[in-house]
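Everything below concerns the one structure shown next.
In what follows, chains are A, B, ... by sequence order, proteins preceding strands, each numbered from 1. Both backbone and side-chain heavy atoms feed into the values below; hydrogens, waters and symmetry mates do not.
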Amino acid sequence: MSEHIVSKKIYFLIFGALLFGTGLTVMMAFVDLDERFFGGANAVTALTIAVIKATLVILYFMHVRYSSRLTWLIVSTGVLWLAIMFIFTFSDYATRPVMYTTPAGGLAEHLR
Amino acid sequence: MAISHVANEAGVHPNSALQHHFDNMEQQREAGSLGMWVFLAQEVMFFGGLFLAYVLYRNKFPGAFAVASNSLDPVMGGINTVVLICSSLTMALAVYYAQTGVRRKQIVFLLVTMAFGVTFLVIKGLEYADKFREHHIPVPGWFDWDVAKEPLPVGVLAHQVEMFFWIYFAMTGLHALHMIIGLGIMTWLVYKAWKGTFTPEYYGPVEVSGLYWHFVDIVWIFLFPLLYLLGRHLEHH
C-alpha cells in the first residue's frame, strides 16, 4: 500500500492546535477589536482563526496533505465554487446603490 | 501490486474485499475516497448558500444580529465546539487503528466518537429547549421577543431578530441532521468492525466516514464564531 499512515503524534498536535484556536477565538470575541483597529476587525479575526482551524483539519485529519493530486483538485474546486458564489453575490449587492441611483441622486423609480 | 496481478491471472482473488471492477485494492480505496470528496465539495455549496444568507442578512440588520446572537449561550456553544474537536480526534484515531489493523481499539474509538456526537446533540437539544421556553423559535405568530426583558436598540425590529433565528435554526438544524446521519454510519461501522470486516488492506469505509465526520466538524468551526460570538464585543455598549 502506498497509503501514508499519519502518526498519532501529529493527530494530537493538531488536536492541541484546534483547542488553542477555539480558546483564542472566544477570548478575542470579548475584546472590542472593531473600536481598537477597524470596523469588522472582530469578524476578520474570528474568521481567520476558523479558516486556519479548517485547513488543519483538512490537511491532517482528512489526510489531504498526503493525498493524490486528484484529491487536491477536488478540494480546490469546492473552495473555488464557494468563492465564485460569494464574490458574484457581493459584487451585485455592493453595486446596487450605484446601479439604481438616478443622476439626480434619488432611487430609480421601480425601486422606490 | 505485482503480487495481486499474478494472483488474478491464476484465477484467485487476492482479497475478497476487492470488487471486480477495480484492478487492485489501492485503486479501489482511492476511488472510494475520491467519491466522498466529490460529495463533500457539493456539501460545501449546500452549506455555502446558508452562510451566504447569514452574511447578507447580517449586513442588512447588524444591530438585530448582535442582539439575537448575544442571547445565545456562549458557554454551551463553546463546550460543544470542544466536544466536536475531541470527536474529530477520536475519529482520526479510529481510522488510524483501522489502517494498522487493531480491531479492538478501532471499535473503542468509534464508540467514543459516537459518545461525543451524542453529547453534542444533547447539549444542542438543551439549547433548543431554552429557545422554545423563550419563544425564540421562529414560528410565525408564535415567535416573541420580550422587549421589557431585552430592550432592542433604536431602529432594530423584532422581525429582524427573528430573521437571525431562522438562519440559526436552519444552519444548526441541518448540522445536527448531518451528525445524526454520521452516528448512523458509525453504528454500521462498529457492526462491520465487530465482524472483522476491516483490515490494513481494506478500511475504505472507515476512512471515508472519517472524512464525512471531519467535514461536519469544519462546518461547526465556522458556525460557532458566526452564530455565538460576533456580537459579544458590543455587549457593554
I need the minimum non-hydrogen distance between [X] and [Y], along with the two atoms involved.
| X | Y | answer |
| --- | --- | --- |
| R232(B) | A29(A) | CB-O, 3.5 Å |
| A54(A) | F222(B) | CB-CE1, 3.7 Å |
| A41(B) | G78(A) | CB-CA, 4.1 Å |
| L230(B) | A43(A) | CD2-CA, 3.7 Å |
| M45(B) | L82(A) | SD-N, 3.8 Å |

Quick check for you: to the nearest 0.5 Å, what is the distance between [X] atom [atom1] and [Y] atom [atom2]?
| X | Y | atom1 | atom2 | result |
| --- | --- | --- | --- | --- |
| I221(B) | I52(A) | CD1 | CD1 | 11.5 Å |
| L34(B) | S67(A) | CG | OG | 9.5 Å |
| L229(B) | T25(A) | CG | OG1 | 7.5 Å |
| H4(A) | Q99(B) | NE2 | CD | 10.0 Å |
| D217(B) | K53(A) | CG | NZ | 8.0 Å |

So which part of [X] gets closer than 4.5 Å to some heavy atom of chain B, the side chain, the backbone, both or neither?
| X | result |
| --- | --- |
| V31(A) | backbone |
| T77(A) | neither |
| F86(A) | both |
| F90(A) | side chain |
| V6(A) | backbone |

Using side-chain heavy atoms (C-beta onward) and a distance below 4.5 Å, is [X] in contact with [Y]?
| X | Y | answer |
| --- | --- | --- |
| I85(B) | T22(A) | yes |
| F215(B) | V57(A) | no |
| M62(A) | I218(B) | yes |
| F30(A) | H233(B) | no |
| C86(B) | F15(A) | yes |
| V26(A) | Y228(B) | no |

Quiz item: Does the pair T71(A) and M36(B) meet the rule for a side chain to side chain contact (heavy atoms under 4.5 Å, CB included), with working shown?
Solution: CA-CA 10 Å; T71(A) 309; M36(B) 179 49 88; over 6 Å; no
Toward chain A, the part of [X] with a non-hydrogen atom under 4.5 Å:
| X | answer |
| --- | --- |
| S88(B) | both |
| F39(B) | neither |
| E30(B) | side chain |
| V95(B) | side chain |

Quiz item: Parallel, tilted or perpendicular: which fits the ring planes of F61(A) and H214(B), with parallel below 30° and perpendicular above 60°?
Solution: tilted
Self-check item: Residues K60(B), Y93(A); criterion side-chain hydrogen bond (donor to acceptor under 3.5 Å, both in side chains); working and verdict
Solution: CA-CA 11 Å; K60(B) 214 168 168 58; Y93(A) 274 82; over 6 Å; no
Practice problem: Look at L33(A), V79(A), I49(A), V51(A) and state which one has the largest set of heavy-atom pairs under 4.5 Å with chain B. | Solution: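 That would be V51(A).
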Please determine, among [options], the option with the most heavy-atom pairs under 4.5 Å with chain A.
| options | value |
| --- | --- |
| A92(B), G231(B), P225(B) | A92(B) |
| L89(B), V38(B), N59(B), V44(B) | L89(B) |
| L56(B), V82(B), T81(B) | L56(B) |

Quiz item: Any salt bridge (charged side-chain N to carboxylate O under 4.0 Å, His left out) pairs touching residues 76-92 of chain A, not counting sequence neighbours?
Solution: D92(A)-R96(A)
Practice problem: List for me each residue that meets side-chain hydrogen bond (donor to acceptor under 3.5 Å, both in side chains) alongside N80(B), sequence neighbours excluded, and say none if there are none. | Solution: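 N80(B) satisfies side-chain hydrogen bond (donor to acceptor under 3.5 Å, both in side chains) with no residue once adjacent residues are dropped.
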